[in-house]
Amino acid sequence: RRVSTRSHTSTGSVTTFSDGDPSPSPHDTTEVQLPGGMGGGGLVVRVGDTVRRPVVTQTAAVEGFLAHLHSVGFDVVSNRSKVAAYRAPGAPLGCYAVECVLDEVAEALKMDPLQLRLKNAAKEGTKAAYGPTFPRIGYAETLRAAIDHPHYKAALGAPPGSKRGRGVASGFWFNAGGESSADVRVNEDGTILVVTGHPDVGGSRASTMNIASELLGIPYDKVNVLIGDTSSIGFSNLTGGSRVTFASAIVVTQSTENVIKQLCSRAAKIWKIDEDAVTWENGHARPAGENAGKFEPLSLAQIAAKASETGGPIGAGMQLNTAGAEGGFSTHVADVEVDPATGKVRVIRMTCFQDVGRAIHPDYVEGQLQGAMSQAIGWALTEEYIYNKRGQVDNPGFLDYRMPVASDLPRLECGIIEIPNPKHPQGVKGVGEVPLVPGMAAIRNAVYQAIGIRFNQLQMSPPKVLDALESVALRKAAD
C-alpha cells in the first residue's frame, strides 16, 4: 500500500550494475528502508560499500540495462496515524533512495551529477522499469535546461558562520486519464457555458476556459466554466492523479468541436447552402470558397441569436474513459544554507525544470510547481511526527507539526519545458504530482555539499543536523 505514504513502511533495495557485468556484486547493492514518509517517522537509506567502478543506475528516469533490473519490495504495516494519499503517492520515497545513490555515484566517478544523469537519461524508445516504452519525452531537456540555467552556474557564497551547498535530483510520475464528462452550451447572447464534473483544486477551470475559447475563436471572458455533480453532468473520476486538465480537455475539445459543427450547420440554414460549404474560422462561420456564395461571415453571437429560428438550442456533451496519458519528468536544483551552531537548514534558492507537455495556463502551471517545491521543503526539513516512548504523537497540532510558511520559503523558480503529448489534442501532460518527487533528494544532496554529511533519514530538522555535526566533531577529536 505505497499509496498510504504516512503509516505503512515500504522496504526494498536499489541495485547498481557495472557496465557490461550483468551480475550484482556486494559493492553494487544499496539497501533501502522507506518507512512511511512524513508521518511515518522518516525515510531511511542504508548505503552499502563504496562504489569502486563505473555503474549505471536503473530508475524510471535513467536508461540503464532493463535486462538486469530486479526490484524487490516489502510492505510493513505500522501502528501509526491515519493517512491519505499525497502528491505522487510512493514516488518521492523511491526517488529519494535512487537519487541519493546517484549523487554518491557521481561523486565516486568525479562527475557532475547532472551530466551523469544526462549521459544515462531515458529517451524516446527507452523501455521504462514498470513496462511501457517511452514515446517522445522531455527528461533530457529538463537536465539541459538545468545545466544551462543561471541558477546552476551561480556562485553560492556563504556568509560568515554558515555553510552552503547545492544539490540536484530528478523525478518521474506516470500520470492518469480515466472517466470524464463535459457539456458545452451556446447561450442566445453568444456566451458559452462549459460544465465539467471535476472539482477545481489547481486551476483546471481556467485551462478549460482557455481551450474552449481558443477552439471557438472567441474571447475567453465569453466562456463560463461550472463544476457540476452527477445530477447535472455525467460521471467524472476524482480530482487527482494529475489527470484533470488532461482528461477534461479531451471531453471539452470533442464537445466543442461538435458545437462548431452545429454552428456551421445553422449558418448553412441561414444562407440556404449545403453544410459542407461552410467553414469555421476565428469565431465566425464563413463560406468555404467562392463557389459557396459571397456571404458576410456570421459571428457566433449572430448565429446564437437566431438559434430558435434555425433549430433550437445549440450544445453538445461527451462522456469518455480517457486514455493517452504520458508520464512527466522533473529536475530540481536546490541551494541550502546550514547554521552549524544550531543545525538549522534553510533553502535559499530552488528551481524546478519540468516537461509539462503543453502549458495551457502557464501561471497555474507555475503555481503547481511552486506548491510542490514548498511541500518538498517541509517534507525534507520540518514536517515530522514525533512519538514518545508510549507510541503517542507528541506534536499533534500545527503549532508543533512545522509546515513551512511564506517566511520559510525562498523564491521558487520554474523552468517550463514543453514537449507536447502526441496522444492529446492540446499536447497536455499531467503537471501536479511530478514536481514533488525529486524535491527532498535535491535538498538532501545540497546539505551534503554544505556540511559533508549524508542524511539517509528524513526529516533534516535542527536537532538531527546538530547531532550529526556533533558526532562528526567527536569522531575527529577521537582520531
Side-chain angles (χ1 to χ4, degrees), residues 85 88 130-137 173-187 192-218 220 223-265 280 313-328 355-361 364-365 368 418-434:
Y130 64 101
T133 298
F134 288 127
R136 175 79 169 90
I137 58 175
W173 184 251
F174 57 89
N175 297 321
E179 302 96 329
S180 291
S181 302
D183 282 347
V184 178
R185 306 167 191 172
V186 180
N187 299 318
I192 302 296
L193 175 65
V194 181
V195 183
T196 75
H198 308 98
D200 181 2
V201 299
S204 59
R205 280 179 294 181
S207 296
T208 297
M209 182 186 298
N210 283 357
I211 289 167
S213 65
E214 182 174 296
L215 290 170
L216 289 165
I218 61 175
Y220 70 88
V223 180
N224 186 28
V225 181
L226 299 180
I227 308 301
D229 58 22
T230 48
S231 65
S232 58
I233 192 70
F235 176 76
S236 297
N237 211 320
L238 82 166
T239 292
S242 301
R243 64 172 296 275
V244 172
T245 298
F246 168 85
S248 64
I250 294 174
V251 289
V252 168
T253 295
Q254 294 189 19
S255 299
T256 305
E257 289 173 344
N258 192 328
V259 165
I260 290 173
K261 290 180 181 179
Q262 294 180 44
L263 291 167
C264 290
S265 175
W280 189 263
I314 302 172
M318 182 59 64
Q319 299 82 40
L320 284 177
N321 188 7
T322 59
E326 292 293 347
D355 168 19
V356 303
R358 186 182 178 195
I360 301 299
H361 196 298
Y364 276 114
V365 170
Q368 290 281 7
E418 294 183 292
I419 308 295
N421 176 0
K423 300 176 184 177
H424 191 274
Q426 284 80 34
V428 169
K429 296 176 183 176
V431 169
E433 293 172 282
V434 185

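Note that the structure is a prediction, hence the values are computed from the model and not measured.
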request  = Can you establish whether the number of heavy atoms outside E418 located under 6.0 Å from its atom CD is more than 12?
outcome  = yes
query = Do L216 and L263 come within less than 4.5 Å of each other through their side chains, counting heavy atoms only?
reply = yes
request  = Measure the shortest side-chain to side-chain distance between P425 and I250 over non-hydrogen atoms and say whether it is less than 4.5 angstrom.
outcome  = yes
ask   = Quick check: does any side chain N or O of N421 sit under 3.5 Å from a backbone N or O of V428, one acting as donor and the other as acceptor?
value = yes
key: Distance (rounded to the nearest 0.5 Å) between K429 NZ and R358 CZ   = 13.5 Å
task = Please confirm whether the backbone N or O of T239 pairs with a side-chain atom of N237, one donor and one acceptor, at under 3.5 Å?
result = no
Side chain proximity check, L226 to L193, heavy atoms < 4.5 angstrom = yes
key: Reported OG-to-CE distance for the pair S255 and M318, which is rounded to 0.5 angstrom   = 5.5 Å
ask   = So, for A316 and Q262, which heavy atoms are closest and what is the spacing to 0.1 Å?
value = CB-NE2, 3.9 Å
task = Evaluate the side-chain proximity of R243 to S180: yes if any heavy-atom separation is below 4.5 Å, no if none is.
result = yes
ask   = Quick one: are R185 and V195 in side-chain contact, heavy atoms under 4.5 Å?
value = yes
task = In sequence, state the C-alpha distance, the side-chain angles, and the governing distance for V259 and V186, and then conclude on side-chain contact (heavy atoms from CB on, under 4.5 Å).
result = CA-CA 8 Å; V259 165; V186 180; 3.6 Å; yes
ask   = Backbone N or O of G228 within a donor-acceptor pair of the S232 side chain at under 3.5 Å?
value = no
inquiry  = Could you check whether any side-chain heavy atom of V194 comes within less than 4.5 Å of a side-chain heavy atom of N224, counting everything from C-beta outward?
reply    = no
query = Yes or no on side-chain hydrogen bond (donor to acceptor under 3.5 Å, both in side chains) for S236 and E179, after CA distance, side-chain angles and deciding distance?
reply = CA-CA 5 Å; S236 297; E179 302 96 329; over 6 Å; no
request  = First locate atom OG1 of T230, then atom CZ of F235, and finally report the distance between them rounded to the nearest 0.5 Å.
outcome  = 8.5 Å
request  = Heavy atoms only: give me the nearest V244-G240 pair and the separation to one decimal.
outcome  = CG2-N, 4.2 Å
request  = Would you sort out whether D183 and I233 count as a side-chain contact (heavy atoms from CB on, under 4.5 Å), showing the intermediate values?
outcome  = CA-CA 7 Å; D183 282 347; I233 192 70; 3.6 Å; yes
query = Could you state the interatomic distance from OG (S204) to CD1 (I360), rounded to the nearest 0.5 Å?
reply = 12.5 Å
request  = Mind listing the closest non-hydrogen atom pair of K423 and G324 along with its distance?
outcome  = CB-O, 3.6 Å
ask   = Would a 4.5 Å heavy-atom cut-off, applied to side chains only, mark E326 and P135 as touching?
value = yes
query = What's the shortest heavy-atom distance between T322 and G178, and which atoms?
reply = OG1-O, 2.7 Å
query = Between atom OG1 of T196 and atom CZ of R205, what is the distance when rounded to the nearest 0.5 Å?
reply = 9.0 Å
task = Mind listing the closest non-hydrogen atom pair of A247 and G177 along with its distance?
result = CB-O, 4.4 Å
ask   = Is there a side-chain hydrogen bond (donor to acceptor under 3.5 Å, both in side chains) between Q254 and N258 once you walk through the steps?
value = CA-CA 6 Å; Q254 294 189 19; N258 192 328; over 6 Å; no
remark   = Tightest non-hydrogen contact, residues V252 and A182, listed as CG2-CB, 3.8 Å
key: Between CG on residue N210 and OG1 on residue T245, distance to nearest 0.5 Å   = 10.0 Å
key: Side chains of F246 and N175 in contact at under 4.5 Å (non-hydrogen atoms)   = no
